[in-house]
Visitor: 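I am attaching a structure below and will ask some questions about it afterwards.
Every chain is numbered from 1 and lettered A, B, ... according to where its sequence line falls, protein lines coming before strand lines.
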Amino acid sequence: MTSLPKSYDPKEIESKWYKFWQQNAFFHAEASSDKPPYAIVIPPPNITGSLHIGHALDNTLQDCLIRWRRMQGYNTLWMPGTDHAGIVTELIMERKLAEEGTSRNELGREKFIERMWQWKDESAGYIVSQLQKLGCSCDWERERFTLDEGLSKAVRTSFVKLYNHVLIYRDTYMVNWCPMCNTAVSNLEVEPVEIDGHFYHIHYPVIDTDIVLEIATTRPETMLGDTAVAVHPDDKRYQHLIGKKALLPLCDREIPIIADDYVDTDFGTGALKVTPAHDMNDYEIGLRHNLEQLTIFTPDGSMNQDAGDNYVGLSRWDCRKKVVEDLENENYLVKIVPHRHAVGHHDRCGTIVEPAISLQWFLNVRPLAQRAIEATKKGEVKFIPERETSRFFHWMENIEPWPISRQRWWGHRLPIWYCNSCEKVTVTMDTPDRCECGSTDFHQDEDVLDTWFSSGLWPFSTMGWPQETEELKTFYPTSVLVTGWDILFFWVARMIMLGLACMDEVPFRTVYLHGLVADGKGQKMSKSKGNSIDPLETIETYGTDAFRFALASISTPIPYVPLPEAQIESGRRFANKVWNAARFIMMNLEKHPIPTIDERGEEPEPLEVQWIKSRLSHTIQTTTDAMENFRFYEVAQTLYAFLWHEFCDWYLEFAKQRLTKAEPYPLWVAADVLEQMMRLLHPLMPFITEEIWQQLPHGANKFDSDVNVSITIAPYPKPTTQNPTVEATMASVMEIIDNIRSIRGELNVPMGASVEVHIQAPNTEVRSRLETYLEQYLPAFTRVDGITIAESLPKPSNSAEAVIGDLAIYIPLAGVIDLEAEQARLTKRHQQAVKDVTSAQKTLENPNFIERAPENVVAQKRELLERLLIEQEKLERSLSMLTSS
RNA sequence: GGGCGGGUAGCUCAGGUGGCUAGAGCGACAGCCUUACAAGCUGUAGGUCACAGGUUCAAGUCCUGUCCCGCCUACCA
């Protein structure tokens, strides 16, 4: 008896094979090789993080590509690694510290970083082991971490290089400031969220007049930092006030009334309070009019001394309340109206960001973006789906300087030193020895780099840059980058820019941007929404292969791919189906072992063998094309349909039938087809395919001995011949079987009951084919009591009938047949036939169609109509017979 | 305000350059433990392809407009 259990149990099998693969270093890429290179760098997950559904999809697809190319004989490198993920990771640590009753500031920089490394060391293996559970065939010997020595050197090297090209500079500018994280962030990290706020209308009295100006603001507390009121120069209502001064309520400060085009006369009251230190637009107005920039917030988002004695120390929100109260008490508040508007939130911590003026380091990305655009236009990088290209261009064309310094500790410290004597700035790889002024006393910049800076170097820093390594020569530019469309700007764009800047070459040839996993309702899965599937739990319940197959199945080009539980169940059922097909074949192979090639005689190829080979070839072709075009859902669907509905539903039934007649050859072919299917399926379902593949017969009678070590390095199947004639013949046989089954089903013939089948086949050639094949095949699918095939034969009384073109199939059902049911059945078929005939006739009656449509289309239509007319006529005749009898 | 994606069976989705009688999975219904598989087998039902025009011999597919849904993006305080 075979060792395969009745149901597929993934647990043991999965851990067994992953170890085997690793021990044999199948995933290791050669730094140089005769094989063509194929490389993917992993989007590095957070070192302290755990596998979420987005990772699962992303890495499954990458693994599919990598395994597929490896089998195709490429020298494949899947470069793995992790990211230090600056701000998020620090935030989590800070939460931990708070629980311990301490804080980052209490610990101090050195101790804090020590803790971070400790935590990193503790958790580093976690995410890696999860990726391995998922089956990822990464080259783990090359694993990298963004804070590694090598990668840190890459960061410093690129920084110095960019600085020397005057692309990195320091500037005082308005940036988005997170009061929670106490750092500047880039505008990409700011997520605008629509919130229900208010419009506060406030009176600003104009000095030396009785006039009051009414301004409207959503942030009344910022008035404490107002240094002007602006109106549009053409606004008749306010023109006469330009040049006068307004009295700022609560502050007793006189501020100028200025004219600026920026002001929209139709919005609000048309009078704009100007807070140059706390609003991007006001900042620019301030620069134009040389206004004072009055900062009223502290870095942690409360009011500073300049907000005035009444407000100092209050939080932004408490201050707002108090300002509104005070305005009301002093009769400056006109009204408060509800107003919905977008407010920027820090995407890492959710805090409302504060535009603030600060001294930061910037990377001038404009020239880099220009190069990236040109390279893309030249086709050096291709985006899939193509629509992403326009999103990429749009962002690149409107790009702004990137603030790269972060007032944090966990990350790459800026390689910038300030002389303690003369203030001179030195940017070098390591601490400078001495300053121009002769001093040897320096201090390094306190800030670290935006995490995305080091991620931007990932495709080459992981391969040893700035050294000129063999890996870089072999694998750069990499082949594909696979990630979600949501980080096109964050990461992909930066990699392209930095790749061009540092390597003079784009980092990858193709960018495949997949959708984001959504729940059954189409909502993006996320931990915060609580609608997320836990990949590890899913793997535990369904098995990795089932999960991976489900993920591949949903990978259509739409932006949000729904992953309902049922999809994963479907994956599991499929795995089980695969398992049982293999089980069936192997059980029978024990009884009918495959002879070696020498022992084997010339076997005649029965129709079904020719058919399955042709279908397999077709499947290989479709699957390969789909893989080449990143159509993973099509790969999954094609393999599912072939394996289940052609191989299992039909071919194995044929093979069974042959076995009853002691004809094992089709079974041997089944083993061969299964073996090839395992290879086709391997990129999607690595574990079960390895298990089955290993159990299939190997050796002289089957495969080359040097590739039979593992399916991971077995060749990906290539299409052979396809045989349309055989396929057509088989299709007609199948159609007859389908019709007989349908009649039995609809007329409630019990499973066990045998029926006679009479077939009228006027065409000689068709008749002889049917005589050959039906005898062989029919018993495999339905119980028959004898088959009669003739050029013309009478319809037996009390028989059911099916019509296929000029064929008529009669099944005598004396005593069983329900005449009414049969009449209903035929009537329905007839109605459909009439409908189809009418539609075909309409087309063919149109002279323009005959004239202008391609010949083959016209011919096809004619054939169709002919066939439909015959069917219609036959059905009519049968119906009239039925009603008259 | 711009731009993109979507609206096809009860649900979730396929339907590259227009051309066989519009498909799949899941679900529903009916019947089956037919010794590979009940995570299975067999059969059945279910669609005026969002709407309105247009181009064409031919439109789910191309064009225009409209209506919904989602997303990206923008300095309207």
Visitor: Using the P atom on both, measure B:rC11 against B:rC49 and round to a whole Å.
Guide: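 Approximately 16 Å lies between the P atom of B:rC11 and that of B:rC49.
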Visitor: Between P on B:rA36 and CG on A:Asp9, what's the gap in Å once rounded to a whole number?
Guide: 21 Å
Visitor: Does anything in residues 391-401 of chain A pair up under salt bridge (Lys or Arg N to Asp or Glu O under 4.0 Å), and if so which pairs, sequence neighbours excluded?
Guide: A:Glu388-A:Arg391
Visitor: Give me, pair by pair, the N or O atoms of the protein and of nucleotides 22-26 of chain B that are less than 3.5 Å apart, along with how far apart they are.
Guide:
residue, atom, partner, partner atom, Å
B:rG25, OP1, A:His645, NE2, 3.1
B:rC26, OP1, A:Arg573, NH2, 3.4

Visitor: For the pair made of CD1 in A:Ile487 and C1' in B:rC72, what is the distance, rounded to whole Å?
Guide: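 Distance, rounded to whole Å: 15 Å.
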Visitor: Please collect all salt bridge (Lys or Arg N to Asp or Glu O under 4.0 Å) contacts where either partner lies in residues 217-228 of chain A, sequence neighbours excluded, each pair once.
Guide: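 The answer is A:Arg219-A:Glu221, A:Arg219-A:Glu354, A:Glu221-A:Arg320, A:Asp226-A:Lys273.
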Visitor: Dot-bracket for RNA chain B, please. Rules: Watson-Crick or G-U, both distances under 3.5 Å, ( ) within the strand, [ ] when a pair crosses earlier ones, | for another strand, . otherwise.
Guide: ((((((((.[[[[.)...(...]]]].(((((.......))))).....[[[[[..)....]]]]])))))))....
Visitor: Can you identify which nucleotide, out of B:rA39, B:rC71, B:rC76, has its nearest atom closest to the A:Ser7 side chain?
Guide: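 Within the option list, the nearest is B:rA39.
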Visitor: Tell me: CG of A:Leu747 to P of B:rA30, nearest whole Å?
Guide: 18 Å
Visitor: Between A:Asp9 and A:Lys11, is the closest basic N to carboxylate O distance under 4.0 Å?
Guide: no
Visitor: In chain order, what residues pass the side-chain contact (heavy atoms from CB on, under 4.5 Å) check against A:Asp279, with sequence neighbours excluded?
Guide: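 So A:Asp279 forms a side-chain contact (heavy atoms from CB on, under 4.5 Å) with A:Asn281, A:Asp282.
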Visitor: Checking contacts here: which listed nucleotide (B:rU42, B:rG5, B:rA77) is nearest the side-chain heavy atoms of A:Arg387?
Guide: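 Within the option list, the nearest is B:rG5.
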Visitor: Taking RNA chain B as the partner, which of residues 624-633 of chain A come within under 4.0 angstrom of it by heavy atom?
Guide: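 Per residue number, the list reads A:Arg631, A:Tyr633.
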Visitor: Atom CZ of A:Arg744 to atom P of B:rU42: distance rounded to whole Å?
Guide: 14 Å
Visitor: Rounded to whole angstroms, how far apart are OH on A:Tyr560 and C1' on B:rG7?
Guide: 17 Å
Visitor: For residues 859-870 of chain A, which side-chain donor-acceptor pairs fall under 3.5 Å, sequence neighbours excluded?
Guide:
residue, atom, partner, partner atom, Å
A:Arg867, NE, A:Glu871, OE2, 3.3
A:Arg867, NH2, A:Glu735, OE2, 3.2

Visitor: To the nearest Å, how far apart are A:Arg825 CZ and B:rU44 P?
Guide: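 Atom CZ in A:Arg825 sits about 9 Å away from atom P in B:rU44.
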Visitor: Name all residues meeting the side-chain contact (heavy atoms from CB on, under 4.5 Å) criterion together with A:Ser570; count only those two or more places apart in sequence or in a different chain, and write none if there are none.
Guide: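 Checked A:Ser570 against side-chain contact (heavy atoms from CB on, under 4.5 Å); matches are A:Arg573, A:Tyr640.
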Visitor: Output every pair passing salt bridge (Lys or Arg N to Asp or Glu O under 4.0 Å) with a member in residues 624-639 of chain A, not counting sequence neighbours, ordered by first then second residue.
Guide: A:Arg631-A:Glu634
Visitor: I'd like to check the side-chain contact (heavy atoms from CB on, under 4.5 Å) partners of A:Asn580; sequence neighbours left out, ordered by chain and number.
Guide: A:Asn576, A:Arg583
Visitor: Nearest to the side chain of A:Arg583 - B:rU42, B:rC76, B:rC37?
Guide: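 Out of B:rU42, B:rC76, B:rC37, the nucleotide with an atom closest to A:Arg583's side chain is B:rC37.
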Visitor: Please enumerate all residues that pass salt bridge (Lys or Arg N to Asp or Glu O under 4.0 Å) together with A:Arg288, with sequence neighbours excluded.
Guide: A:Asp260
Visitor: Is A:Lys577 close enough to B:rC41 that one of its side-chain N or O atoms is under 4.0 Å from OP1 or OP2 there?
Guide: yes
Visitor: Of A:Arg867 and A:Phe199, whose closest RNA chain B nucleotide lies nearer the 5' terminus?
Guide: A:Arg867
Visitor: Can you run down the salt bridge (Lys or Arg N to Asp or Glu O under 4.0 Å) pairs that involve residues 546-568 of chain A, sequence neighbours left out, and say none if there aren't any?
Guide: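 Found A:Asp63-A:Arg548.
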Visitor: Using the C1' atom on both, measure B:rG19 against B:rA58 and round to a whole Å.
Guide: 7 Å
Visitor: Could you state the CE-P distance from A:Met280 to B:rA74, rounded to the nearest angstrom?
Guide: 13 Å
Visitor: Taking the side chain of A:Pro562 as heavy atoms from C-beta outward, which of B:rU12, B:rU73, B:rC76 is closest to it?
Guide: B:rU12
Visitor: On a plain distance test, is the side chain of A:Lys6 in donor-acceptor contact with the base of B:rC37 below 3.5 Å?
Guide: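 Result: no qualifying N/O pair found.
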Visitor: What's the verdict on ring pair (Phe, Tyr, Trp, His ring centres under 6.0 Å) for A:Tyr8 and A:Phe574, showing C-alpha distance, side-chain angles and the deciding distance?
Guide: CA-CA 10 Å; A:Tyr8 175 57; A:Phe574 183 59; over 10 Å; no
Visitor: Is any side-chain N of the basic residue among A:Glu653 and A:Lys656 closer than 4.0 Å to the acidic one's carboxylate O?
Guide: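 Salt bridge between A:Glu653 and A:Lys656, a charged N being under 4.0 Å from a carboxylate O: yes.
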Visitor: What integer distance in Å separates A:Met525:CE from B:rC71:P?
Guide: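 Result: 17 Å.
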